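All values reported here derive from a predicted model rather than from experimental measurement. The figures here come from the full heavy-atom set of this structure, side chains too, leaving out hydrogens, waters and symmetry mates.
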2 protein chains.
Amino acid sequence: MTETVRLSWKTVRDRVHARVLDGTYAPGDRLPRDEDLAEQFGCARSTVQRAMQDLSLSGIVERRRKGGTRVRRDPVTRATLDIPITRNEVESRGAVYGYQLIEQTTAPPAPAIAARLEIPGAEDMLRVRALHLSDGRPFVFEDRWVSLRTVPEIREIDLAAQSANEWLVRNKPYTRCDLRFYAINADADTAGILETDEGAALMVIERTTWIGGDPITSVKALTAPGYQILTRS
Amino acid sequence: MTETVRLSWKTVRDRVHARVLDGTYAPGDRLPRDEDLAEQFGCARSTVQRAMQDLSLSGIVERRRKGGTRVRRDPVTRATLDIPITRNEVESRGAVYGYQLIEQTTAPPAPAIAARLEIPGAEDMLRVRALHLSDGRPFVFEDRWVSLRTVPEIREIDLAAQSANEWLVRNKPYTRCDLRFYAINADADTAGILETDEGAALMVIERTTWIGGDPITSVKALTAPGYQILTRS
DNA sequence: AAAATTAATATGTAGATACATATAATTGTC
DNA sequence: GACAATTATATGTATCTACATATTAATTTT
């Protein structure tokens with residue numbers, strides 16, 4: 001009896017990946033063409049194609065038309081990062097979420113902010129400074145600028161009752177998102193808000209979003225000491 | 001004349017995405033079944049299927065058999081992060097890469113390290129402390145533990161000439177990788193190595209990898225002040 | 001009425017075929 | 001020999017068909 005199992009493209013992907021792992025296909029090597037692999041595995045080329053597409057996406061191989069498929073010479077660690085709404089982040093840890101609006105003003109942003117949003121600047125924007133709490137303790141302090149041109153509706157929202165974070169993410173989907181992570185020492189002001197010591201090392205998450213070519217918002221989220229970002233496996 | 005353009009699945013994806021963006025399909029809403037969408041767009045169901053699969057992967061919609069497709073109620077910011085080999089990171093910025101082995105010993109790891117690698121512990125491992133330089137200045141200081149059981153060959157490698165980072169990533173592909181980012185204040189020792197001040201805020205990247213179920217390595221990379229992690233668009 | 005069984009249904013997937021497209025390799029031209 | 005045009009080839013994609021599978025809904029049984 002011949003084997004009549006139908007190989008799924010994920011199985012093919014894993015078996016090709018295994019060959020990369022065990023050195024059958026070494027870094028820089030060219031892999032057989034999809035058609036030959038299909039014959040080897042006894043499946044259709046479309047199945048191999050789907051498998052290779054995934055391996056290509058995860059940075060294991062590189063594919064070029066006519067050039068074929070090669071094992072990436074310098075593999076990168078490619079990870080997927082999920083950044084949830086702060087409320088969900090707090091609640092999924094079993095803590096009680098709290099929120100506090102600190103300041104809400106309208107003003108032209110500093111040049112650095114305008115640059116981040118890729119706009120000329122000098123245009124009034126909404127600035128919101130707010131604190132997210134976890135079990136009553138400071139969790140994330142966000143300093144946010146929102147484009148009133150792209151998101152005029154936000155004027156009508158009571159940002160003391162609902163965080164701009166939630167309102168925006170639920171009502172203003174974006175097409176592009178830039179993220180930036182770095183560490184800073186807390187200044188006196190920030191330390192006060194986050195109830196920590198001046199100079200404490202804080203992780204900063206900067207997120208800027210656009211819809212089409214229009215800027216939505218740029219946030220600088222200063223996290224309380226001990227905050228960690230984890231990748232999902 | 002009827003339109004005879006063949007829609008690619010990416011086009012379908014973008015058009016469905018656009019409908020989510022403009023509110024045609026609001027968060028929580030159920031989308032038409034693939035077959036109906038296919039009819040709307042005048043393409044095959046498989047094309048819609050491929051598009052929806054991608055939207056599902058990027059967190060825009062959720063799909064369940066029989067349950068249909070829905071717009072995610074609480075969208076998460078999902079980003080892809082590339083962490084290259086440190087040498088490549090330095091060189092791609094146009095700087096000159098340098099490397100310096102600080103210490104290489106064999107010892108059982110601390111319980112925290114063993115826990116991270118998900119092993120019982122008490123087993124000798126290779127510990128490597130090394131400094132990566134950019135234009136001669138400290139860039140990343142790595143404190144690494146390597147499993148001698150999983151990677152015995154590393155005993156033969158001259159880690160003064162070649163960083164464990166490069167050797168491992170080129171020779172020991174992994175099947176699982178955990179990443180963790182956080183900020184710490186530099187202690188005296190670290191500050192000395194990174195030529196910065198004690199207490200400076202440093203971004204820490206912890207990476208632990210396995211092949212199959214076997215631990216390969218766990219690194220704590222302490223980055224010099226100013227280091228940033230960016231997501232690729 | 002609760003539990004177990006069955007049917008209906010939307011997504012998931014494989015396979016075969018045909019054609020599109022990028023690009024490496026070759027050939028032709030100056 | 002340098003450059004341009006052509007050809008060959010591997011991947012990319014769409015479509016149709018046929019099933020597989022998970023899950024909800026309906027039905028029957030207890």
Practice prompt. Pick base, sugar-phosphate or nothing for Q49(A), based on heavy-atom distances below 4.0 Å to the nucleic acid.
Written response: base
Discussion item. Just to be sure I understand the rule, does R30(B) reach a base, reach only the sugar-phosphate, or reach nothing, if contact means heavy atoms closer than 4.0 Å?
Written reply: sugar-phosphate
Discussion item. Nearest to the R45(B) side chain among dT9(D), dA18(D), dT13(D), which nucleotide is it?
Written reply: dA18(D)
Fill in: Whole angstrom value for the distance that separates C1' of dA22(C) from CD of E62(A)
16 Å
Practice prompt. For the pair Y97(B) and H132(B), name the ring-plane relationship: parallel under 30°, tilted 30 to 60°, perpendicular over 60°.
Written response: tilted
Discussion item. With a 4.0 Å limit, can you tell me whether S46(A) has a side-chain N or O closer than that to the phosphate oxygens OP1/OP2 of dT13(D)?
Written reply: no
Discussion item. Looking at K220(B) and E142(B), is there a salt bridge between them, counting it only when a charged N and a carboxylate O are closer than 4.0 Å?
Written reply: no
Worksheet item: In whole angstrom, what separates R70(A)'s CZ from dA24(C)'s P?
Response: 10 Å
Item to complete: Return no unless some side-chain N or O of K10(A) is found under 4.0 Å from OP1 or OP2 of dG12(C).
Response: no
Worksheet item: Could you state the CD-C1' distance from E39(B) to dA10(C), rounded to the nearest angstrom?
Response: 16 Å
Discussion item. Taking only side-chain N and O atoms of R65(A), does any of them lie within less than 4.0 angstrom of OP1 or OP2 on dG12(D)?
Written reply: no
Worksheet entry | Rounded interatomic separation in angstrom, taking CG from L55(B) and P from dG12(C) | 12 Å
Response to the item:
Rounded to whole Å, CZ of R63(A) lies from C1' of dA10(D) at a distance of 8 Å
Worksheet item: What does T47(A) touch in the nucleic acid at a heavy-atom separation under 4.0 angstrom: a base, only the sugar-phosphate, or nothing?
Response: sugar-phosphate
Worksheet item: Of all the nucleotides listed (dT23(D), dT11(C), dG12(D)), which has the minimum atom distance to the side chain of R64(B)?
Response: dT23(D)
Worksheet item: With a 4.0 Å cut-off on heavy atoms, is G67(B) in touch with a base, just the backbone sugar-phosphate, or nothing at all?
Response: nothing
Worksheet entry | Sugar-phosphate, base or nothing in reach of R50(B), heavy atoms under 4.0 Å | nothing
Fill in: Stepwise side chain to side chain donor-acceptor pair (under 3.5 Å) check, T69(B) with R63(B)
CA-CA 4 Å; T69(B) 307; R63(B) 281 162 78 78; 3.0 Å; yes
Worksheet item: For E35(B) and dG12(C), what is the distance between atoms CD and P respectively, to the nearest whole Å?
Response: 14 Å
Worksheet, complete the sentence: Out of dT13(C), dG12(D), dG15(C), minimum distance to the side chain of Q53(B) belongs to dT13(C)
Worksheet item: For the side chain of A44(B), counting heavy atoms from C-beta on, which of dC16(D), dT11(C), dA25(D) is nearest?
Response: dC16(D)
Worksheet item: Taking the six-membered ring for Trp, are the ring centroids of Y227(A) and F139(A) within less than 6.0 Å of each other?
Response: yes
Worksheet item: Expressed in angstrom and rounded to an integer, what is the separation of D34(A) atom CG from dA16(C) atom P?
Response: 15 Å
Worksheet item: Of all the choices, dT23(C), dT13(D), dT15(D), which nucleotide is nearest to the side chain of K66(A) once you look at every atom?
Response: dT23(C)
Worksheet item: Is D178(A) salt-bridged to R180(A), cutoff N-O under 4.0 Å?
Response: no
Practice prompt. Using the salt bridge (charged side-chain N to carboxylate O under 4.0 Å, His left out) rule, take E206(B) and R116(B) through it: C-alpha gap first, then chi angles, then the decisive distance, then the call.
Written response: CA-CA 10 Å; E206(B) 274 184 18; R116(B) 221 184 285 150; 3.2 Å; yes
Worksheet item: Whole Å only: how far is the CG atom of D36(B) from the C1' atom of dT11(C)?
Response: 13 Å
